[in-house]
Amino acid sequence: MMKSLGEDWQRFRYLLRQTPTRGFDEALQINMLLGGLRVQSKLMLDASVGGKISLKTPREAIEIDH
């Protein structure tokens, strides 16, 4: 069963809250998330933000789901 991008994002956020993030700044957190996504999910994410998510600042990327 494929998970949705939203489910992936929520799980990632949950894991970050459960894990000490010493040394994991926002940019690294975003890179870890993007590195774990399937190509199709990355394409969907890029389309939903109107460009490449990798070109957003870490703060812009984190605030997308708000």
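Residue numbers run from 1 in the order of the sequence given. Because only heavy atoms are used, hydrogens play no part in the values below, and waters and symmetry mates are left out as well, while side chains stay in.
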How many angstroms lie between [atom1] in [X] and [atom2] in [Y], if you round to the nearest 0.5 Å?
X	Y	atom1	atom2	answer
K52	L43	NZ	CG	8.0 Å
L33	L45	CG	CG	7.5 Å
T57	E63	OG1	CD	7.5 Å
N31	S54	CG	OG	8.5 Å

Could you see if L28 belongs to whatever hydrophobic cluster contains L34? Use Ile, Leu, Val, Met, Phe, Trp, Tyr and a side-chain cutoff under 4.5 Å.
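They do share one cluster, since a chain of ILVMFWY contacts under 4.5 Å joins L28 to L34.
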